[in-house]
Novice: 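Before anything else, here's the structure in question.
Per chain, numbering begins at 1; letters A, B, ... match sequence-line order. Quick caveat, the model's predicted, so the values are computed rather than measured. Side chains included, hydrogens not; waters and symmetry mates left out as well; all remaining heavy atoms used.
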There are 2 protein chains.
Amino acid sequence: MIKAYIIAIGNELLNGQRIETNSSWIQTQLLRLGIQTLGVSVVPDEMDRIVASFQDASELADVLIITGGLGPTDDDLTRSALAKFLEKPLELHEDLLGEIERFFIQRGLPMASTNRVQAYLPAGAKVLPNSAGTAPGIYAQKEGKHYFCMPGVPSEMKTMYLDYVQPEIASQPGSGAVLMSKIRCFGMGESVIAEKLGDLMKRGRNPLINSAAHRGEVCLHIVASADDESCAQKMIESDRNLICGLIGQSVYGFDDQTLPEAIGNLLKKKHLTLAVAESCTGGLLAKMITDIPGSSEYFLAGWVTYNNQAKIRELDVPSAWIKKHGAVSDPVARAMAEGAARKSGADLAIGITGIAGPEGGAEKKPVGLVYIGLFFDGKTETQEFRFLPSGRTAVRQRAALTALNWIRLKLGI
Amino acid sequence: MIKAYIIAIGNELLNGQRIETNSSWIQTQLLRLGIQTLGVSVVPDEMDRIVASFQDASELADVLIITGGLGPTDDDLTRSALAKFLEKPLELHEDLLGEIERFFIQRGLPMASTNRVQAYLPAGAKVLPNSAGTAPGIYAQKEGKHYFCMPGVPSEMKTMYLDYVQPEIASQPGSGAVLMSKIRCFGMGESVIAEKLGDLMKRGRNPLINSAAHRGEVCLHIVASADDESCAQKMIESDRNLICGLIGQSVYGFDDQTLPEAIGNLLKKKHLTLAVAESCTGGLLAKMITDIPGSSEYFLAGWVTYNNQAKIRELDVPSAWIKKHGAVSDPVARAMAEGAARKSGADLAIGITGIAGPEGGAEKKPVGLVYIGLFFDGKTETQEFRFLPSGRTAVRQRAALTALNWIRLKLGI
């Protein structure tokens, strides 16, 4: 099996100014080709340290993925360090220089003379074209090991990796396949899911299944290793079916699908429209719904009735109910949902009122207490939730996601 | 000067499942003591690799910060690897065992026998207490070098670092002080700011000033190195004053203050109230405003009038204007702001209408075109913006932030 090592170059990765995220993304991509990453080193912009890191990593791994240090300025040393490590001179590539010049002309920008250095490569190395910036990547080989240098800017690196590095690595003999898939769940606790899945989550099993919980959402990661991709894909699908059979109702999507996206698809499929009336979530629920491109097809309107007057005036919440039960109460959530439905004409409407904190809590109505009303098909239901213990952001997030999940369940999953 | 090296241990940091964020946080903390980080290595749960990483790092640095691998299971090897590297046996600490047992008793949980291993330390090493979990940290010395092993869980690591590791490092001779501060700006481009700052941003200057731009916001980082903290603090303050003199109007805050927080403070100070009417931002502006605890003091209400009917019905936008100018137009933004002000009684009101994309653009009204109306003091002004080229999320974010910044400028910075 091919093994990889990642080297990230740059002072900015060592002074707390930037979190190094490239290596995690690259690891995931490499696993798709069955390639494990044996280590990551973050190295400063210093010639000797960079050359030494190439040396050390080449003793462990077959493929070295190097990011950063390809810019035009004096502290960009990857190009020269690779030449030094390979013991090859740097050579000017006229065609590359032309491309860099074109990059600036197309954007109507002047090209600094320092950018010329980016047209130099160690002798015998190949160019990895950069469609998103001026810094070309470099691919070199030495004693059967492969060296891929890419820019540190994540967007440029990702495009270059997918277009040029991945095909090159995949063409090497000896790579198997590791596929990953996610199952996204809401409304069932992590430990309950683990209990229902039982031996499926055993360590050492292939596919390996892990769970991660965040604000009421549980994400199951399935990692399947096999000789080839189609075989790994079959294993993933088989596990997906097994899992959906065990915890079906709580599964709302797969891989990178979000809950607002899942709800959007359901509403479009059923030709239904939606409106929301928010107090404690303060626009977050509407924001989540309208994050989705094309949401204007089903989302009609939202109200952020943050004070009592707005609730009474905009949504016809009876002021007597607020006086009797308080603004954070079951009847007010109901009236908000019904007001939003009546005024917008939407098929479905949500009303949310609660105490997000950190202030405003009381013994009977603590921070985290949230009432949600759901109007659908001429009827309104309400539910009480206590999202505890957690901060303002978490209470608001969980309240909004819980409302979305209720819509999902109401529409028959 | 003392130099540091960070080693992060764990397979989960090498299979794309988790982004390693601890080292960036630790780097920032070390810089406060004037200590530079020379490198970071991410190492798998393998005995030989861990021991080798201790060896390699100790040749470069004086202080080694090690995270992860202190749990109770078989793949947690940091404890034994440190003992092997130090050439010391592991010894049972009875008092530590008692504390771990108490941790479980207090939580009413059974203690697995595997947790016993966490009470063993290499001979001569000191315990770093863990107030948030069961895994104690370890502090050892060898040949004048310092080894601090902490848990990988960020919350446990941070508490342990601040309570025990930082004081220990600070007590070493030879540490200076490096302080960092941020100046947050909006409404002035990064290159314009750089031009106005001139030599202040020169490389090699102390304090060192860097800029980073994100969605219309520019953040200036000031890093001052001095013999002691109060001296560094004075250098920071002097630079802050210089910079505010040069780009004053664009500065909205310092360090971690956000634009919604700055606007909230201004509104509270001036006893003014706010309402918003949103179309393309779909609740994002209201969400940003209500992210701030205590925003109910000045935020009255928001409308997400996502379709035309809602604009006409809820905010009295004349339907003739929508027909004549389109929903994304100057008059509609004006009418939305005025409608929100009239209905809520707020002193200030914002109306936003635009095309967030990816669909819905046209030649005359492309994706990124946004109109904002601002009602204040009986008058309404409007502005046209073209946030190009960028995606749906960026257009929405920039539109909401631009509206907030306009409020700031309107209130006299």
Novice: Heavy atoms only, distances under 4.5 angstrom: which of T305(B), L300(B), L284(B), T281(B) has the most pairs with chain A? Name it, please.
Specialist: L300(B)

Novice: Would K182(A) and D256(A) count as a side chain to side chain contact (heavy atoms under 4.5 Å, CB included) if you check the C-alpha gap in whole Å, the side-chain angles of each, and the deciding distance to 0.1 Å?
Specialist: CA-CA 8 Å; K182(A) 296 176 208 162; D256(A) 293 327; 3.1 Å; yes

Novice: With no hydrogens and no angle check, is any side-chain donor or acceptor of N206(A) less than 3.5 Å from a backbone partner on S225(A)?
Specialist: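 Yes, N206(A) side chain to S225(A) backbone: donor-acceptor pair under 3.5 Å.
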
Novice: Can you tell me how far apart CG (L274(A)) and CD (E297(A)) are? Round to the nearest 0.5 Å.
Specialist: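 Rounded to the nearest 0.5 Å, the CG-CD separation comes out at 13.0 Å.
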
Novice: Could you tell me which portion of R49(A) (side chain, backbone, both or neither) has an atom closer than 4.5 angstrom to a non-hydrogen atom of chain B?
Specialist: side chain

Novice: Using heavy-atom distances under 4.5 Å, tell me whether K343(A) contacts chain B through its side chain, its backbone, both, or neither.
Specialist: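 Both parts, backbone and side chain.
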
Novice: For the pair L30(A) and Y161(A), evaluate side chain to side chain contact (heavy atoms under 4.5 Å, CB included) and give the outcome as yes or no after the intermediate values.
Specialist: CA-CA 10 Å; L30(A) 289 169; Y161(A) 178 89; 3.6 Å; yes

Novice: Mark yes or no for whether T353(A), through its side chain, and A327(A), through its backbone, hold a donor-acceptor pair below 3.5 Å.
Specialist: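 Such a contact is found between T353(A) side chain and A327(A) backbone.
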
Novice: Do any N or O atoms from the side chain of E278(A) and from the backbone of G283(A) form a donor-acceptor pair under 3.5 angstrom?
Specialist: yes

Novice: Donor-acceptor pair, N22(A) side chain versus G152(A) backbone, under 3.5 Å?
Specialist: yes

Novice: Of the listed residues (F299(A), Y306(A), W303(A), W25(A)), which shares the most heavy-atom pairs with chain B below a 4.5 Å separation?
Specialist: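 Between F299(A), Y306(A), W303(A), W25(A), the count favours Y306(A).
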
Novice: Between L285(A), N15(A), T28(A), which has the largest tally of heavy atom pairs under 4.5 Å with chain B?
Specialist: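 When all of L285(A), N15(A), T28(A) are compared, N15(A) has the most.
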
Novice: Chain A: which of T37(B), V43(B), I26(B), I6(B) shares the most heavy-atom pairs with it under 4.5 Å?
Specialist: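 That would be T37(B).
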
Novice: Which answer fits A310(B), side chain, backbone, both or neither, if we ask what part of it has an atom under 4.5 Å from a heavy atom of chain A?
Specialist: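 Interface part for A310(B): side chain.
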
Novice: Measuring heavy-atom distances to chain B, does L38(A) have an atom under 4.5 Å in its side chain, in its backbone, in both, or in neither?
Specialist: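 Contact with chain B: backbone and side chain both.
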
Novice: Using heavy-atom distances under 4.5 Å, tell me whether T393(B) contacts chain A through its side chain, its backbone, both, or neither.
Specialist: neither

Novice: At a 4.5 Å cut-off on heavy atoms, which part of L14(B) comes close to chain A: side chain, backbone, both, or neither?
Specialist: both

Novice: Do you know which of A301(A), P293(A), A277(A) has the most heavy-atom pairs with chain B at a distance under 4.5 angstrom?
Specialist: P293(A)

Novice: Top residue by heavy-atom pair count (under 4.5 Å) with chain B, among I289(A), D56(A), L13(A)?
Specialist: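 Most heavy-atom pairs within the cutoff with chain B belong to L13(A).
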
Novice: At a heavy-atom separation under 4.5 Å, does I292(A) approach chain B through its side chain, its backbone, both, or neither?
Specialist: backbone

Novice: For chain A, find which of G302(B), P358(B), A286(B) contributes the most heavy-atom pairs closer than 4.5 angstrom.
Specialist: G302(B)

Novice: Considering only heavy atoms and a distance below 4.5 Å, find which of G357(B), G294(B), S295(B) pairs most often with chain A.
Specialist: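 Among G357(B), G294(B), S295(B), the one with the most close pairs to chain A is S295(B).
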
Novice: Between the side chains of N307(B) and S296(A), is a donor N or O closer than 3.5 angstrom to an acceptor N or O?
Specialist: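 S296(A) and N307(B) do not have a side-chain donor-acceptor pair below 3.5 Å.
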
Novice: Can you tell me if S181(A) and D255(A) form a side-chain donor-acceptor pair at under 3.5 Å?
Specialist: yes

Novice: Can you say whether E20(B) sits under 4.5 Å from chain A via the side chain, the backbone, both, or neither, judging by heavy atoms?
Specialist: backbone

Novice: Do NZ/NE/NH1/NH2 and the carboxylate oxygens of R392(B) and D291(A) come within less than 4.0 Å?
Specialist: no

Novice: Could you tell me the separation between the CD1 atom of I350(B) and the CE atom of M336(B), rounded to the nearest 0.5 Å?
Specialist: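 Spacing of CD1 (I350(B)) from CE (M336(B)) equals 10.5 Å.
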
Novice: What residue, out of S23(A), A4(A), G39(A), has the most heavy-atom pairs lying under 4.5 Å from chain B?
Specialist: G39(A)

Novice: Identify which part of S53(B) has an atom lying under 4.5 Å from any heavy atom of chain A, answering side chain, backbone, both or neither.
Specialist: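 Neither part.
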
Novice: Does any heavy atom of chain A fall under 4.5 Å from the side chain of I7(B), the backbone, both, or neither of them?
Specialist: neither

Novice: Does A356(A) offer a backbone N or O that forms a donor-acceptor pair with the side chain of R396(A) under 3.5 Å?
Specialist: no

